[in-house]
Each structure stands twice: as C-alpha cells, then as structure tokens.
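Take a look at the structure set out below.
Values below: all heavy atoms of this structure, side chains included; hydrogens, waters and symmetry mates excluded. Just so you know, ligand 1 is whichever comes first in the structure, and atom 1 is the first atom listed for that ligand.
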Amino acid sequence: MTLSFNSEMVFIGGKWRLGETGQLIDLINPSTGKVLKKIARGTPKDIDEAVKAAQSALDSEWGSMSALERGRVLMEMSRITLNHVDELADLETNDVGKPFSQARADAVAMARYFEFYAGACDKVHGETIPFQNGFTVFTMREPHGVTGHIVPWNYPMQIIGRSVGGALAMGNAAVLKPAEEACLTALAIGEIAQKAGLPDGALNIVPGIGNEAGAALSAHTGVHHVSFTGSTAVGKLIQKSAGDHVVPVTLELGGKSPQIIFDDADLEDALPFLVNAGIQNAGQTCSASSRILVQRGVYQDVLDGMAERYRALKVGQAKDDFNLGPLISMRQKQIVDDYLEVAKSDGLEMIAQGFFADNLPQGGAYVLPTLFGNVPADHRLAQEEIFGPVQVVIPFEDEQEALQIANGTNFGLVAGVWTKDGSRQMRMAKNLDVGQVFINNYGAGGGVELPFGGVKGSGHGREKGFEALYSFSTTKTVAIKHG
Ligand code: NAD
C-alpha cells in the first residue's frame with residue numbers, strides 16, 4: 001500500500017488538519033525549479049496546540065506505556081519504513097534534489113535508527129549508589145517530557161530518525177518542525193507512526209517558516225528539551241530562546257571538517273573517501289569533509305588522484321541518479337557561486353571540476369563540484385562553511401602543523417586521519433578538537449550506533465547511539481532512609 005498523507009496538512013494529536021490560517025508554502029523541486037507540492041505554513045497557535053497534544057499524550061496512553069511496548073512501536077515504524085523505502089526515496093529525490101540512490105540510503109538509515117532505538121528502549125536505566133549506612137540511594141532515568149525537534153532540509157529522514165527516534169525511545173512526546181524547503185518525508189513519518197500504532201500526540205508535525213513556527217517551538221514554555229540541527233547562526237538563537245525558560249538544548253550545527261593525509265597513508269584506500277565526503281549530497285552535509293590537509297611528500301599524488309576523480313563527477317537531475325544532483329535552492333546556489341567568485345578574484349588555484357549532464361532544466365540549482373589546491377589555511381574558503389561541493393586542499397609539513405591547521409577554524413565536528421603509524425593515530429585522536437575522529441576511514445558508513453555532535457561552533461550535546469538517550473532523559477535521585 002502506498003503512503004497517502006496530504007502534504008498541506010499539519011499532524012497534531014493524531015489528526016491531520018489544515019494549519020490555523022490555511023496558508024501554504026510552495027515546495028520547489030530543485031532539479032527543475034518547478035513547484036512540487038504545497039505545505040502548511042504553521043503558526044505559533046498550531047505549535048501551541050501541538051505542544052498541548054504532546055503533553056496530553058504523556059498524561060495518557062503514551063506516558064503509561066512500558067519501555068518494552070515503546071520499543072515494539074518503534075520496531076514497527078522501522079518495519080513500515082523498510083516497506084516504503086523506494087517511495088520515501090522518491091519523495092526525497094524530488095523534494096531535496098538528492099540523487100535517488102543517496103535518498104534510498106537515507107530511508108534505509110532512518111529504518112535503522114528506529115530499529116536501534118527500538119532495541120535500546122528498555123536498556124537504559126538508573127543506578128544504585130553506595131551511600132551512608134541505613135540508606136538506599138538510586139537514580140531513576142526519566143524522559144524530559146515534551147521535546148521540540150527543529151531540523152534542516154539536507155538529510156530530513158536521517159536527522160528525524162536519530163532525533164525523534166531517540167526522544168520517543170526514552171518516552172518523551174515530540175513536536176517536529178521540519179524545514180520549509182523539504183518537508184515531504186517528515187510528513188510521511190507521521191503516517192508511518194500512525195500505521196505503527198504510535199499513540200495520538202506522541203509525535204506531532206508542524207511545517208512552517210523558521211522564524212515563525214520554529215521560533216515559537218523553541219520559545220514555548222511547555223517544551224522541556226529542544227533538539228536543533230541547522231546553522232550555527234540559528235543555533236545561537238535557539239540556545240538563547242530555550243535559555244529564557246531554562247531548558248536543555250542539543251545543538252547539531254555546521255562544520256569545516258578536515259581529512260588529514262600523512263605521507264605513509266594508503267592513498268588507494270583514502271582517495272575515494274577524500275572526494276565522496278566532499279561531494280555527497282552536493283556537499284550539503286554538516287560533516288562534509290571540505291578541507292583536505294596533505295603532507296608535502298604525497299601532496300602532488302593526492303591532488304592528481306582527486307583531480308582525476310573530480311573530472312569524472314557528473315551533475316544532473318536527481319532522478320537520473322548521477323554523482324551529484326542540484327543544490328536545494330537557487331539561494332543556496334547563489335551562496336556557492338559567490339564563494340567561487342571569491343576564489344577567482346583571490347587567484348586560488350582551481351585544480352579540477354566535474355561536468356554537467358546534457359539538457360539540464362533551466363530552473364535547476366546546479367553547480368559544478370570544484371577542487372582548489374594550495375589554499376592558504378586562513379583563506380575564507382578554508383575557514384567558512386560553504387555547504388556546496390567545494391573542497392580545498394592545504395599542504396602541511398609535519399604533525400604539529402597538521403593539528404594547528406585542523407583545529408584552526410571556529411568549527412569542530414568531524415575529522416579523518418590517514419596514517420599507518422599507530423602512535424600518531426592515537427596522538428591525533430586525542431588532540432583534534434572535534435566530536436568524532438575517523439582513522440583510515442571517514443564516516444564509518446553513517447554509524448547509527450556512534451555518538452555524534454560537535455564542539456566549538458559545531459554545537460554541543462550528542463545524538464546517535466546510546467549517548468542520545470542520555471541527552472533525551474534526565475535522572476532523579478531517590479534517597480531512602482530505612483535505618
Ligand atoms: P537553518 O539554521 O537555516 O535552518 C534549520 C532549521 O531551523 C529549519 O527547520 C528552519 O526553519 C529553522 N529555523 C530557521 N530560523 C529559525 C529561528 N529563528 N528559530 C527557530 N527555528 C528556525 O539551516 P539550514 O540552512 O536549513 O541547514 C544548513 C545548516 O545546517 C548548515 O550549517 C549545516 O552544517 C547544518 N547541519 C548540521 C547538521 C549536524 O548534525 N551537525 C546536520 C545537517 C545540517
């Protein structure tokens with residue numbers, strides 16, 4: 001059976017209805033520039049109703065379900081997701097402009113998040129603490145209550161899977177505000193949750209504009225935790241807004257993640273990762289490896305190997321499933337084009353570019369993947385998050401300089417290190433200012449089980465793995481004096 005949700009509705013308290021004003025926003029297919037669908041422009045009142053519906057779910061059926069039962073519902077969400085993988089991938093391909101096979105991988109990953117958190121529900125618990133004689137002291141692990149989830153457009157399924165999946169596993173009730181640029185799979189998750197038997201109000205979905213519906217969610221006094229994935233600029237606003245009513249936030253923000261290649265690295269292993277981690281999803285990935293740091297002894301070999309791969313990269317309509325689709329919007333294309341202009345006027349060394357498929361639609365947001373060499377570490381293209389398929393290669397002399405360059409941005413999300421020297425692997429892992437370090441790989445295939453998040457401008461708090469379950473819960477200490 002195919003999914004049948006109506007994209008113009010909000011999903012509140014288990015019911016699909018029009019938003020308060022009935023106003024709609026156009027969703028654009030970035031491969032063609034044409035209107036794909038319309039979604040609701042949710043208002044603060046819609047958000048308020050969603051928060052109240054979440055609270056009443058906690059006060060009724062959802063709040064009284066055992067961890068085992070919650071796990072079974074999440075497992076059913078995983079199973080139903082797997083039954084609709086191609087359909088979900090199709091929605092994402094048209095909505096985000098993501099090549100079909102990448103969109104399909106996202107749908108499978110979302111099912112895996114639900115599966116992982118289904119199994120984890122009844123495995124997170126409190127502790128008994130040795131205390132004074134005559135006392136028994138223990139902690140109970142409890143949900144925060146209503147959790148707010150504000151997500152971006154680049155990986156809707158994966159980000160909702162990890163964020164909402166973790167929150168539901170711990171028994172929270174969620175209100176989700178998807179991005180206005182890409183909303184279809186978020187709404188599909190509402191239908192999947194319903195089909196899986198998730199009680200009404202445990203998950204509510206209100207599409208809308210960031211500074212309207214999003215701002216209302218982060219400021220709502222009935223929300224007890226906010227999970228935000230998006231830009232550093234908006235992350236700062238969210239933290240301030242949640243701070244006004246003193247609730248915790250998880251901030252998954254941007255990055256300028258390096259891969260560092262030492263002279264002794266296995267280049268044949270490294271090269272596909274160096275390029276793929278920069279151009280996957282057309283570079284619109286928070287953990288994109290947009291900086292490639294190369295030791296002088298292999299600098300030319302790495303540059304030549306990357307250039308060869310770049311020249312083979314084909315850009316086309318997402319449905320045609322080439323290496324890259326379009327960017328999410330003409331606005332994002334303009335941002336990337338402006339960086340390419342800066343590179344040109346500053347005389348950066350352009351090493352290679354990909355190529356366009358024939359007969360691309362006029363209105364599509366296409367850019368060519370572009371590789372720059374010998375880029376100074378303090379140049380804007382080596383410091384700022386571009387969020388497009390642009391990589392800079394920076395040479396270095398020794399380990400100390402590599403660390404200095406790697407840690408020398410405002411971000412700290414992910415780093416990759418390529419070396420066979422075990423001692424160096426450990427030193428680098430300890431000294432890199434990031435949330436994840438990959439040695440002789442990058443990304444570990446997505447790593448649903450692996451805690452993920454940043455330091456510095458890349459945010460704080462962790463999602464994915466068991467760590468997320470601690471972020472989505474709190475402890476209560478109980479001290480019993482029994483003599
Ligand atoms: P964005 O910050 O503009 O938007 C993200 C979400 O926040 C959207 O749902 C948007 O509607 C909402 N929003 C915007 N303004 C708001 C406000 N004032 N109050 C509340 N909500 C508001 O980011 P984007 O352009 O959609 O996404 C790209 C950014 O996201 C990049 O910087 C990227 O690195 C980051 N990102 C990070 C991760 C991660 O896990 N670390 C993952 C994906 C994307």
Problem set entry | Geometric cation-pi criterion Lys314 and Phe322, 6.0 Å radius, 45° cone | yes
Problem set entry | Cation over ring face, Lys344 and Tyr339, 6.0 Å, 45° | no
Please determine whether a side-chain nitrogen of the Lys or Arg among [X] and [Y] lies less than 4.0 Å from a carboxylate oxygen of the Asp or Glu.
{"X": "Lys52", "Y": "Asp48", "answer": "yes"}
{"X": "Glu384", "Y": "Lys256", "answer": "no"}
{"X": "Glu115", "Y": "Arg112", "answer": "yes"}

Exercise. Can you list, by chain and residue number, every protein residue with a non-hydrogen atom closer than 4.0 Å to ligand 1?
Worked result: Ile150, Val151, Pro152, Trp153, Asn154, Ile159, Arg162, Lys177, Pro178, Ala179, Glu180, Gly210, Asn211, Gly214, Ala215, Phe228, Thr229, Gly230, Ser231, Val234, Leu237, Ile238, Glu252, Leu253, Gly254, Cys286, Glu385, Phe387, Leu413, Phe452
Problem set entry | No-hydrogen, no-angle side-chain donor-acceptor test under 3.5 Å, Ser329 and Glu181 | no
